[in-house]
Peer 1: 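Okay, here's the structure, questions in a sec.
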Amino acid sequence: METISILGSTGSIGRQTIEVAERLGLAITAISANSGAVLIEEQARRVKPRFAALYDEDAAGDLRIRLADTNVKVLSGAEGVIACAMEGDAVLSAISGFAGLRPAMAAIKRGARLALANKETLVSAGAIVMDAVSKYGAELIPVDSEHSAIFQCLQGRLHPPRGERREAAGGDYKILLTCSGGPFRGFTAEQLERVTVADALKNPNWSMGPKITVDSATLMNKGLEFIEAMRLFSVSPERVEVIVHAQSVIHSAVEFADGAVIAQLGVSDMRIPIQYALTYPERVPGLSKRLDLTEIGSLTFEKPDLETFRCLDLAIKCAERDYRAETCECLVLNAANETTVDAFLKEKRKFTEIPHIIENVLGRYSGVRGSSLDELTELDADVRRVTAECI
Ligand code: NDP
Ligand code: MG
């Protein structure tokens with residue numbers, strides 16, 4: 001592995017990926033983002049990629065002027081971002097939301113290593129993505145810390161990951177998906193009523209982009225990760241259990257048929273799973289602090305409160321329905337969530353209204369199906385329109 005392309009380079013994961021790639025001595029041949037021309041200009045001057053792309057055409061025009069004195073080729077629009085996915089031995093996708101789907105598919109279709117942080121891609125189109133991984137012999141390595149942990153716990157079971165995962169994953173194990181509980185762990189429904197955007201943007205253990213930070217507060221993030229785990233490791237929903245573990249030291253665990261449990265532990269630093277996705281199957285010294293268990297002292301575990309944190313419950317139910325009936329309700333859940341969280345961040349809706357709006361939208365798409373990328377893209381757009389009307 002010598003070269004890498006970073007999709008979503010200006011975000012929380014993207015910026016940390018640049019640090020890791022520099023540390024590993026990888027050449028970053030392409031970077032891309034949505035509209036952040038100032039930051040991507042700075043990154044382009046630092047890493048000297050062949051391509052820098054912005055999805056937003058106007059912002060890309062601005063970037064073209066900013067980088068006129070360099071050799072960096074500036075690309076724009078959806079095609080520009082997809083062209084970046086055609087670069088590099090590995091593609092790290094840290095785009096947020098459904099927008100990451102087509103670039104991820106482009107990387108998979110050329111058989112590249114796809115280090116995937118963008119969980120919404122698997123939630124919305126898991127079957128298509130996993131089938132393409134098999135068909136094109138791509139390597140899909142999870143970056144989400146829990147899924148990286150599960151992947152690490154399954155080493156020796158799932159090898160090689162090149163397209164054989166669905167068959168190899170017999171599903172005779174159970175995934176213990178850990179969850180910090182977010183900033184409102186232990187809150188009552190009444191206390192949640194008073195939560196503000198500023199409160200929701202404070203995460204006790206991780207520093208992340210705004211959308212995933214709100215998802216971590218509603219526990220929708222864990223719901224999306226539940227679906228992500230089911231898709232990535234080909235297990236039924238009964239074989240995924242969410243466990244609240246406030247310290248975020250155990251990043252997840254796997255219980256095997258004989259009752260043995262293997263867990264992966266570490267400090268809360270995304271540079272560890274990012275690096276592992278790039279060096280797999282090797283391990284090399286990284287940038288993060290070491291875990292000091294005696295400093296932590298004790299680890300706690302509890303069941304999630306599904307009644308107060310309705311988003312997690314909604315996600316698990318969608319996962320169950322999609323698993324049994326091959327419907328696309330997880331896509332609906334994701335699109336409704338992205339639209340509603342955006343409205344919450346703009347202070348148009350209250351925190352506690354998020355699950356109500358999503359539930360309402362889900363009710364309108366009960367049993368919905370879709371099998372091609374185009375059908376799913378259309379459905380995603382339709383759900384966003386309907387959700388915006390509900391808001
Ligand atoms: P951020 O909001 O910090 O960054 C998102 C990035 O995606 C930005 O670079 C943004 O560009 C870019 N982007 C948005 N839309 C497009 C588009 N249409 N085309 C190209 N680029 C686009 O998010 P995070 O880094 O926190 O999260 C990224 C993904 O990783 C999410 O799916 C999240 O769930 C997942 N993840 C994140 C974790 C974390 O610790 N942050 C942990 C585990 C998973 P711009 O800056 O111009 O808007
Ligand atoms: Mg995670």
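In this chain, residues are counted from 1 in sequence order. All ligand and atom numbering here is 1-based and tracks the order in the structure. The structure presented is a predicted model; accordingly, all values stated were derived computationally and were not measured.
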Peer 1: Quick check on contacts: which atoms of ligand 1 are under 4.0 angstrom from a heavy atom of Asp144?
Peer 2: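 Selected atoms, number and element: 43 (C), 44 (C).
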
Peer 1: Does Lys174 come within less than 4.0 Å of Glu255, counting only side-chain N to carboxylate O?
Peer 2: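 Between Glu255 and Lys174 there is no salt bridge, as every charged N stays at least 4.0 Å from the carboxylate O atoms.
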
Peer 1: Regarding Glu389 and Arg385, does a basic nitrogen lie under 4.0 Å from an acidic carboxylate oxygen?
Peer 2: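 Judged by the 4.0 Å cut-off on N to carboxylate O distance, Glu389 and Arg385 do form a salt bridge.
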
Peer 1: Measuring from atom CG of Leu224 to atom CG of Leu122, what distance do you get when rounded to the nearest 0.5 angstrom?
Peer 2: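 Atom-to-atom, Leu224:CG and Leu122:CG are 11.0 Å apart.
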
Peer 1: Which residue supplies the protein heavy atom nearest to atom 19 (N) of ligand 1, what is that atom called, and how far is it?
Peer 2: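 Sorting protein heavy atoms by distance from atom 19 (N) of ligand 1 puts Tyr55 CB, 3.6 Å first.
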
Peer 1: Is there any N or O on Gly209 that sits under 3.5 Å from an N or O of ligand 1?
Peer 2: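 Between Gly209 and ligand 1 (N or O atoms, distance only) the closest approach is under 3.5 Å.
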
Peer 1: To check your reading of the model: name the closest protein heavy atom to atom 15 (N) of ligand 1, its residue, and the distance in Å.
Peer 2: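 The closest heavy atom on the protein side is Asn34 CB, 3.6 Å.
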
Peer 1: Distance to 0.1 Å, residue and atom name: give those for the protein heavy atom nearest to atom 21 (N) of ligand 1.
Peer 2: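 Result for atom 21 (N) of ligand 1: Ala33 C, 3.2 Å.
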
Peer 1: Any idea which atoms of ligand 1 are less than 4.0 Å away from a heavy-atom of Ala94?
Peer 2: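 Contacts of ligand 1 toward Ala94, numbered from 1: 5 (C), 6 (C), 7 (O), 28 (C), 29 (C).
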
Peer 1: For atom 29 (C) of ligand 1, what is the nearest protein heavy atom, given as residue, atom name and distance?
Peer 2: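 That would be Ile95 O, 3.5 Å.
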
Peer 1: Under a 4.0 Å heavy-atom limit, does Met270 contact ligand 1 with its side chain, its backbone, both, or neither?
Peer 2: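 The part of Met270 near ligand 1 is the side chain, not the backbone.
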
Peer 1: Quick one: look up the protein heavy atom nearest atom 34 (O) of ligand 1 and list residue, atom name and how far away it is.
Peer 2: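 Of every protein heavy atom, Lys119 CE, 3.2 Å lies nearest to atom 34 (O) of ligand 1.
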
Peer 1: Ala117 heavy atoms, cut-off 4.0 Å: which ligand 1 atoms fall inside?
Peer 2: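 That gives atoms 30 (O), 32 (O), 35 (C), 36 (N), 44 (C) of ligand 1.
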
Peer 1: Under a 4.0 Å N-O cut-off, is there an ion pair linking Asp69 with Arg45?
Peer 2: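 Yes, charged N to carboxylate O under 4.0 Å.
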
Peer 1: Using the Mg ion (ligand 2) as the apex, give the angle to atoms OE1 (Glu146) and OD1 (Asp144), rounded to 10 degrees.
Peer 2: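 Centred on the Mg ion (ligand 2), the OE1/OD1 angle is 100° (to 10°).
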
Peer 1: Within a distance under 4.0 Å of any heavy atom of Gly36, pick out the atoms of ligand 1 and give their elements.
Peer 2: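 Listed by number with element: 47 (O).
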
Peer 1: Pairs of nitrogen or oxygen atoms closer than 3.5 Å, one from Ile13 and one from ligand 1: do any exist?
Peer 2: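 Right, the criterion is met.
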
Peer 1: Side chain, backbone, both or neither: which applies to Glu120 and ligand 1 if a contact is any heavy-atom pair less than 4.0 Å apart?
Peer 2: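 Within the 4.0 Å criterion, Glu120 contacts ligand 1 through side-chain atoms alone.
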
Peer 1: Taking both backbone and side-chain atoms of Gly8, is any N or O found less than 3.5 Å from an N or O belonging to ligand 1?
Peer 2: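 Gly8 vs ligand 1: N/O contact under 3.5 Å present.
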
Peer 1: Does Glu375 pair with Arg369 as a salt bridge, N-O distance under 4.0 Å?
Peer 2: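 No.
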
Peer 1: Give, for atom OG of Ser252 and atom CD1 of Ile175, the distance between the pair rounded to the nearest 0.5 Å.
Peer 2: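 Reported value, rounded in 0.5 Å steps: 8.0 Å.
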
Peer 1: Suppose we call two aromatic rings close when their centres sit under 6.0 Å apart. Are Phe309 and Phe187 close by that rule?
Peer 2: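 Ring centres of Phe187 and Phe309 not closer than 6.0 Å.
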
Peer 1: So which N/O/S atom does Glu225 have closest to the Mg ion (ligand 2)?
Peer 2: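 That would be atom OE2.
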
Peer 1: To which protein heavy atom is atom 40 (O) of ligand 1 closest, and what is the distance rounded to 0.1 Å?
Peer 2: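 Protein heavy atom with the smallest distance to atom 40 (O) of ligand 1: Met208 CG, 3.2 Å.
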
Peer 1: Atoms of ligand 1 less than 4.0 Å from Ile212 heavy atoms?
Peer 2: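 Under 4.0 Å from Ile212, ligand 1 has these atoms: 26 (O), 33 (C), 34 (O), 36 (N), 37 (C), 38 (C), 42 (C), 43 (C), 44 (C).
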
Peer 1: Determine whether more than 12 heavy atoms belonging to other residues, nucleotides or ligands lie under 6.0 Å from atom CD of Glu378.
Peer 2: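 Not buried by this count: 12 neighbours or fewer within 6.0 Å.
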
Peer 1: Can you list the ligand 1 atoms lying under 4.0 Å from a non-hydrogen atom of Ala99?
Peer 2: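 Listed by number with element, the hits are 18 (N).
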
Peer 1: So how far is it from Tyr323 OH to Met230 CE, rounded to the nearest 0.5 Å?
Peer 2: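 If we round to the nearest 0.5 Å, Tyr323:OH and Met230:CE are 8.0 Å apart.
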
Peer 1: Students should be able to answer this: which protein heavy-atom is nearest to atom 9 (O) of ligand 1, and at what distance?
Peer 2: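 Atom 9 (O) of ligand 1 sits closest to the protein heavy atom Thr10 OG1, 2.7 Å.
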
Peer 1: At less than 4.0 angstrom from any non-hydrogen atom of Gly11, what atoms of ligand 1 do you find?
Peer 2: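 Listed by number with element: 1 (P), 3 (O), 4 (O), 8 (C), 9 (O), 25 (O).
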
Peer 1: I'd like to check Ser145 versus Met270 (side-chain heavy atoms, cut-off strictly below 4.5 Å). Are they in contact?
Peer 2: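 Yes, side chains in contact.
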
Peer 1: Of the non-hydrogen atoms in Ile391 and Thr340, which two are nearest, and what is the gap between them?
Peer 2: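 Taking every non-hydrogen atom into account, CD1-CA, 3.8 Å.
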
Peer 1: So, are Arg231 and Glu228 salt-bridged, with charged N and O less than 4.0 Å apart?
Peer 2: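 Looking at Arg231 and Glu228, the cut-off is not met.
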
Peer 1: Name the orientation class of the two ring planes belonging to Phe151 and Tyr280 (parallel below 30°, tilted from 30 to 60°, perpendicular beyond 60°).
Peer 2: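 Taking Tyr280 first and then Phe151, their aromatic rings sit tilted (interplane angle of 30° to 60°).
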
Peer 1: Considering only non-hydrogen protein atoms, determine which one is nearest to atom 3 (O) of ligand 1 and report residue, atom name and distance to 0.1 Å.
Peer 2: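 Ranking protein heavy atoms by distance from atom 3 (O) of ligand 1, first comes Ser12 N, 2.9 Å.
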
